[in-house]
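Numbering of residues begins at 1 and proceeds along the displayed sequence.
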Amino acid sequence: MSGKTYFERNNEGIGRAIARNECAEPGPWGTVCTEDIWHRYSHYDSGDDSSWQDDWRDYGPDDEDDPDTRPATPPENREEQSNG
């Protein structure tokens, strides 16, 4: 994953996955889901051998030194934010 950032989007990989009739959901570090379109559970990138959940953006790395990442929202504050 060298040179990639956590929120990077791999448009070329997404296009290839769509052409192969795969899920194509973008994931962290430029990964792209290569599972069948109607798969269940976690997303998986077979080329990167990694998996992720749909909430990966909410619970990403908490690295204040890296401007390309943002702090994760603690689970206990998640409901308060959605209720206003």
Side-chain angles (χ1 to χ4, degrees):
M1 291 187 245
S2 64
K4 292 184 180 178
T5 59
Y6 186 75
F7 293 104
E8 181 172 329
R9 187 175 172 102
N10 180 352
N11 291 327
E12 185 177 319
I14 292 170
R16 282 194 306 268
I18 290 171
R20 292 188 301 247
N21 223 16
E22 298 169 342
C23 174
E25 176 71 24
W29 304 106
T31 55
V32 178
C33 184
T34 57
E35 292 282 351
D36 293 333
I37 290 176
W38 301 109
H39 72 91
R40 297 174 70 186
Y41 311 112
S42 298
H43 297 285
Y44 176 75
D45 184 333
S46 61
D48 191 58
D49 193 26
S50 62
S51 63
W52 64 94
Q53 299 292 322
D54 284 327
D55 61 356
W56 67 272
R57 291 173 191 88
D58 297 332
Y59 298 102
D62 189 5
D63 187 354
E64 295 176 9
D65 296 331
D66 186 350
D68 198 49
T69 61
R70 61 181 175 194
T73 303
E76 62 270 13
N77 295 339
R78 195 170 213 204
E79 188 174 312
E80 293 172 14
Q81 290 178 346
S82 64
N83 291 335

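A donor-acceptor pair under 3.5 Å is formed between the side chain of Thr34 and the backbone N or O of Ser46.
A distance of 8.0 Å separates SG in Cys33 from CG in Asp45, rounded to the nearest 0.5 Å. Atom NE2 of His43 and atom CH2 of Trp56 lie 10.5 Å apart (nearest 0.5 Å). Interatomic distance, NE2 of His39 versus CD of Glu22, reported as 10.0 Å (0.5 Å rounding). Glu25 CD to Trp52 CH2: the interatomic distance, rounded to the nearest 0.5 Å, is 7.5 Å. For the atom pair CD (Glu8) and OG1 (Thr31), the distance works out to 10.0 Å, reported to the nearest 0.5 Å.
With a 4.5 Å cut-off on side-chain heavy atoms, Pro26 and Arg57 count as touching.
Under a 4.5 Å side-chain heavy-atom cut-off, the cluster of Ile, Leu, Val, Met, Phe, Trp and Tyr residues that includes Val32 is completed by Ile14, Ile18.
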